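A short write-up of the structure that comes next.
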Amino acid sequence: MLTFENVSQHYGSFRALNGISLHAKEGELVVLLGANGAGKSTIFLTASGLLRATGGSIRFRNQELAGLKASQVVERGVVLCPEGRKLFPQMSVLKNLMLGAYVHRGDKAGNQRKLQEVFELFPILAERREQTAGSLSGGQQQMVAIGRALMGRPQALLLDEPSLGLAPLVVKQVFEVIQRINRAGTTVLLAEQNAYAALKIASRAYVIESGRIVMEGDRDTLLGNDTIRKAYIGA
Ligand SMILES: Nc1ncnc2c1ncn2[C@@H]1O[C@H](COP(=O)(O)OP(=O)(O)OP(=O)(O)O)[C@@H](O)[C@H]1O
Ligand SMILES: [Mg+2]
């Protein structure tokens with residue numbers, strides 16, 4: 001249902017994506033593995049309309065996304081939770097969450113329902129709703145970032161390194177939440193350095209090197225692959 005076909009992306013004359021073709025089927029959790037600089041974030045920025053593809057096609061439920069503005073991509077059900085969280089630290093948790101609902105601002109009742117769902121998923125955010133986002137712990141800030149993306153009502157959620165910089169126990173919680181979101185029916189595309197934890201909850205994965213897909217397979221195939229184990233799992 002989310003399909004990249006031969007997508008290219010450039011920063012000036014530097015080719016960051018070189019003919020990326022990948023897909024996520026309805027309800028799947030698909031992981032993107034790749035070293036620093038491989039192009040994972042560029043894939044997400046391009047899909048979410050924050051960068052314009054320099055070639056190829058990105059379709060979601062047969063609608064073309066390439067060329068749309070970021071807000072139009074959200075309206076079509078594809079929402080990015082960006083690397084580094086990108087919160088407004090001086091604003092309250094609640095205001096940060098509501099920013100994610102901007103494209104649905106006409107539907108106040110729907111946004112209140114969605115907010116309750118986010119608070120059920122992350123009870124700590126309900127308690128801290130009036131606090132500034134910047135005063136929260138790293139893990140709580142990541143929950144705000146995921147919650148803000150959920151306020152956009154994703155049918156496909158793009159999660160860019162949600163476990164980055166978090167303590168192991170918090171990483172585990174974040175992966176549990178991602179799995180819950182996926183099991184509730186949201187298709188997930190997840191970029192992660194934490195390959196083992198990501199693969200364990202994945203349906204399938206792609207390995208990206210220098211802007212190209214170099215390997216793809218289902219979870220068990222990649223978990224059992226020697227190259228993957230050595231390069232990304234360290235076992
Ligand atoms: N704004 C930019 N201007 C120029 N080059 C960029 C820009 N953003 C990324 N790049 C380059 O594009 C390539 C892909 O970067 P990208 O951020 O997509 O990688 P990544 O896989 O997300 O890496 P990381 O794991 O470090 O987040 C890298 O070589 C990077 O240096
Ligand atoms: Mg990145």
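Note that this is a predicted model, so its numbers are computed, not measured. When a ligand or atom number is given, it counts from 1 through the structure's own listing order.
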Quick one: which ligand 1 atoms are inside 4.0 Å of a heavy atom on [X]?
X: E161; value: 24 (P), 25 (O), 27 (O)
X: Q193; value: 25 (O)
X: S41; value: 17 (O), 18 (O), 20 (P), 22 (O), 27 (O)
X: T42; value: 14 (C), 15 (O), 16 (P), 18 (O)

Flag if over 12 foreign heavy atoms under 6.0 Å of CD, E209: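 Counting neighbours around CD of E209, 12 or fewer heavy atoms of other residues, nucleotides or ligands fall under 6.0 Å, so no.
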Locate the shortest heavy-atom distance separating [X] from [Y]; write the atom from each residue and the value.
X: N6; Y: G19; value: OD1-CA, 3.3 Å
X: K95; Y: S92; value: N-OG, 3.0 Å
X: E192; Y: L33; value: O-CD2, 3.7 Å
X: L87; Y: A133; value: CD1-CB, 4.1 Å
X: I201; Y: L29; value: O-CD1, 3.7 Å

Looking at ligand 1, does any of its N/O atoms fall within less than 3.5 Å of an N/O of [X]?
X: G34; answer: no
X: F14; answer: no
X: A16; answer: no

[atom] - nearest protein heavy atom and its distance:
atom: atom 27 (O) of ligand 1; answer: E83 OE1, 2.9 Å
atom: atom 9 (C) of ligand 1; answer: Y11 CE1, 3.3 Å
atom: atom 23 (O) of ligand 1; answer: G37 N, 2.8 Å
atom: atom 19 (O) of ligand 1; answer: G39 N, 3.2 Å

Side-chain H-bond candidate by donor/acceptor type, T42 with Q9, under 3.5 Å: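 There is no such pair (donor and acceptor under 3.5 Å, judged by atom type) between the side chains of T42 and Q9.
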Exercise: do N111 and R153 side chains pair donor with acceptor under 3.5 Å: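 Side-chain D/A pair, N111 to R153: present.
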Salt bridge K172-E176, side-chain N to carboxylate O under 4.0 Å: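 Yes, charged N to carboxylate O under 4.0 Å.
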SB check D160 K86 (cutoff 4.0 Å):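 Not counted as a salt bridge, because no side-chain N and carboxylate O are separated by less than 4.0 Å.
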For ligand 1, the portion of A35 having any non-hydrogen atom under 4.0 Å away: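 Only the backbone of A35 comes within reach of ligand 1.
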Non-hydrogen protein atom less than 4.0 angstrom from atom 30 (C) of ligand 1: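 So far as the 4.0 Å threshold goes, atom 30 (C) of ligand 1 is out of reach of every protein heavy atom.
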Metal proximity, S41 vs the Mg ion (ligand 2), N/O/S cut-off 2.8 Å: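 Yes - counting backbone and side chain alike, S41 has an N, O or S atom under 2.8 Å.
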The Mg ion (ligand 2) reached by E83 (N, O or S, under 2.8 Å):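 A backbone or side-chain N, O or S atom of E83 is under 2.8 Å from the Mg ion (ligand 2).
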Proximity winner for atom 24 (P) of ligand 1, if only heavy atoms of L33, L32, N36 are counted: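 Result: the heavy atom closest to atom 24 (P) of ligand 1 is in N36.
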